[in-house]
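These notes concern the structure reproduced below.
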Amino acid sequence: MISPAAPDSGLEHRVALRYQQQGYNVIVHPSADELPFDLDGYEPDLIATRGDEKLIIEVRNSVMRGSIDRLVEAADRVRTSPPWQLLLVTDDDVPGELLPGVDLTLPGWAEIHHRLGEIDHVGDGPARLLLAWAVLEAALRRHAFDSALPIHRLPTSALIKQLYTQGELPADVFETLIRRLEQRTLVAHGFAFEDTTGAAGELRAILEHLLEFWRQPA
């Protein structure tokens, strides 16, 4: 149940309430004695537990509010104590209608490689671009999750920027992805874009490069 210290308004309370409604035991602003282990001074906003699901949660109105460096350090510490997981939840969490937690299933690397091969079997045009982007974005989120970066639910542009900030994307790839994201958004909303085939091919090549950069086996 939600701790009596829980605030009665704001994003933090809404997140805590959503977890409680899904059967989690929620503690808001846990004291040092309520933390499962030493977090080296890091103070999370929430702890939510349900069976084997054990979440340490930071809530922010926006990912742009402050650096995530301290959060990444805490995530590294949490990573050594499974099944505990550290999550960053923001007001623009993706997708916002779902409970921010481990309920979102990310594809494994074998499935991502399989989807990568499917790109070549889709005819030229917008469908190929959208599929290429979907596979690439799945890989970005999977890599963030596997690297204990608590950012895998962020909006796509914020996810890309944070991966670059953490050294997980080369500079040239970062710049290309930001540009191609704008083009993908236009196509997804029904606007014309001339070179969808070239864009899809470039995204496929970028993903192959990233799999090697991250040392993910084929």
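The model shown is predicted, which means the values in this text are computed figures rather than measured ones.
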Flag if over 12 foreign heavy atoms under 6.0 Å of [atom1], [X]:
X      : atom1 : result
Glu43  : CD    : no
Asp52  : CG    : no
His209 : NE2   : yes

- Message: Glu168 vs Ser147, test: side chain to side chain donor-acceptor pair (under 3.5 Å). Steps then yes/no.
- Response: CA-CA 9 Å; Glu168 300 298 329; Ser147 301; 4.6 Å; no
What orientation do Trp214 and His143 show, parallel under 30°, tilted 30 to 60°, or perpendicular over 60°?
parallel
Mutual orientation of the aromatic rings belonging to Phe174 and Tyr164 [parallel < 30°, tilted 30-60°, perpendicular > 60°]:
parallel
Report task. Check step by step if side chain to side chain contact (heavy atoms under 4.5 Å, CB included) holds for Val89 and Leu11. Result -> CA-CA 9 Å; Val89 177; Leu11 177 62; 5.6 Å; no
Can you check salt bridge (Lys or Arg N to Asp or Glu O under 4.0 Å) on Glu137 and Arg141, steps first, answer last? CA-CA 6 Å; Glu137 186 170 331; Arg141 297 189 186 280; 2.9 Å; yes
The residue among Leu35, Val26, Asn25 that forms side-chain contact (heavy atoms from CB on, under 4.5 Å) with Ile47 is Leu35
Notebook entry, point to check: Does a donor on one side chain sit under 3.5 Å from an acceptor on the other, for Ser31 and Glu34?
Noted result: yes
**Prompt:** Do Arg70 and Glu73 sit within salt-bridge range, that is, some charged N less than 4.0 Å from a carboxylate O?
**Reply:** yes
Those residues at least two apart in sequence (or on a different chain) that pass salt bridge (charged side-chain N to carboxylate O under 4.0 Å, His left out) with Glu208 are Arg204
**OP:** Start with the C-alpha distance between Gln21 and Arg18, add both sets of side-chain angles, then the distance that settles side chain to side chain donor-acceptor pair (under 3.5 Å), and finish with yes or no.
**Re:** CA-CA 5 Å; Gln21 291 171 340; Arg18 290 175 72 189; over 6 Å; no
